Amino acid sequence: MESNLVDLVYWRDVKTTGVVFGAALLLLLSLMACSIVSVISYIGLALLSVTISFRIYKGILQAIQKSDEGHPFKQYLDQEVALPEDMVHKYSDMVLAKLNKTIAEVRRLFLVEDLVDSIKFAVLMWILTYVGALFNGLTLLILGLIAVFSCPIVYEKHQAQIDHYLSLVNNQVKDIVGKIQAKVPGMKRKTE
């Protein structure tokens, strides 16, 4: 599963990645113009139009050729479509564990268990207020989708240069944080 996702993001199979990226981007752009109910309805109508047209076409073809091929979607209708219980339990347990971990972390941050972490979280929330004023959620999802499908391949092609500049930025940030922690009382981290 993970290797398929990595292959998809790194454009190993250009045709498959293009279809997934294009469909996801088209869906998000559609949601920008129409409500989710309208988008789902249009997608359903499009799929029904294709399947009904194909069924009628095959029926007419069978009548003309006087063949008895049967229903064109018979193989799909005969397949089991129920989700396996063990898979549902496995993934619901994983989601529950992540949710519990997230709740514990949010509680820790809001109840100021560690002052430095809570201040960092407050700064992040303050920055997100400006991001929220500039972009709506769908715009951020579209930008995120484009980043997911473009950043890994760009990083793969230019890894040495990107790593060099990231280390420079990381060193500068560490220096600034160290200076701030040295000047503000109570901000120094405890050695663990």
Side-chain angles (χ1 to χ4, degrees), residues 1-36 39-40 42-43 46 87 90-106 108-110 113-184 187-192:
M1 175 84 174
E2 285 184 30
S3 66
N4 292 341
L5 187 61
V6 169
D7 289 345
L8 191 71
V9 169
Y10 279 97
W11 295 77
R12 303 286 189 247
D13 182 8
V14 176
K15 186 184 285 187
T16 304
T17 301
V19 167
V20 169
F21 176 64
L25 190 60
L26 182 66
L27 176 69
L28 290 175
L29 290 173
S30 299
L31 288 172
M32 292 283 289
C34 302
S35 72
I36 191 165
V39 171
I40 290 172
Y42 286 133
I43 289 172
M87 185 179 77
K90 175 185 163 190
Y91 287 114
S92 64
D93 289 343
M94 286 173 44
V95 168
L96 182 62
K98 296 250 187 218
L99 184 64
N100 285 335
K101 186 178 177 183
T102 302
I103 289 171
E105 183 65 19
V106 167
R108 188 182 77 76
L109 290 171
F110 277 106
E113 183 178 310
D114 183 3
L115 182 63
V116 175
D117 285 346
S118 293
I119 290 174
K120 287 179 187 177
F121 185 65
V123 169
L124 175 68
M125 291 294 109
W126 180 67
I127 291 170
L128 287 178
T129 61
Y130 287 101
V131 171
L134 295 174
F135 303 105
N136 66 20
L138 280 172
T139 304
L140 291 175
L141 281 175
I142 290 169
L143 292 174
L145 179 73
I146 292 170
V148 163
F149 280 94
S150 60
C151 289
I153 196 74
V154 169
Y155 179 73
E156 188 177 58
K157 292 192 183 311
H158 306 287
Q159 185 173 0
Q161 297 97 333
I162 292 172
D163 285 345
H164 171 71
Y165 288 115
L166 281 178
S167 68
L168 291 175
V169 169
N170 194 20
N171 291 336
Q172 290 291 327
V173 169
K174 282 181 182 178
D175 290 344
I176 292 170
V177 168
K179 289 176 184 177
I180 291 172
Q181 285 180 341
K183 300 223 185 235
V184 177
M187 287 286 287
K188 235 176 192 189
R189 280 253 179 186
K190 302 171 204 148
T191 55
E192 298 179 89

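Values in this document were obtained by computation on a predicted structure and should not be read as measured data.
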Result block: side-chain N/O donor-acceptor pairs under 3.5 angstrom for residues 126-148, not counting sequence neighbours:
| residue | atom | partner | partner atom | Å |
| --- | --- | --- | --- | --- |
| Thr129 | OG1 | Trp126 | O | 2.4 |
| Asn136 | OD1 | Leu138 | N | 3.2 |
| Asn136 | OD1 | Thr139 | N | 2.8 |
| Asn136 | OD1 | Thr139 | OG1 | 2.8 |

Quick one: side-chain contact (heavy atoms from CB on, under 4.5 Å) partners of Arg108, sequence neighbours excluded?
Glu105, Glu113, Asp114, Asp117

State the [atom1]-[atom2] distance between [X] and [Y], to the nearest 0.5 angstrom.
{"X": "Asn171", "Y": "Leu166", "atom1": "CG", "atom2": "CG", "value": "11.0 Å"}
{"X": "Ser30", "Y": "Leu25", "atom1": "OG", "atom2": "CG", "value": "9.0 Å"}
{"X": "Phe21", "Y": "Thr16", "atom1": "CZ", "atom2": "OG1", "value": "15.0 Å"}
{"X": "Glu156", "Y": "Cys151", "atom1": "CD", "atom2": "SG", "value": "13.0 Å"}
{"X": "Leu115", "Y": "Lys120", "atom1": "CG", "atom2": "NZ", "value": "11.0 Å"}

With Tyr165 as partner, the option from Ile162, Asp163, Leu168, Val169 fulfilling side-chain contact (heavy atoms from CB on, under 4.5 Å) is Leu168

Residue pair Asn4 / Leu8, side-chain heavy-atom distance below 4.5 Å:
no

Compare every heavy atom of Phe149 with every heavy atom of Trp11, then report the nearest pair and how far apart it is.
NE1-O, 2.7 Å

Closest non-hydrogen atom pair, Ser118 against Leu109
OG-O, 2.7 Å

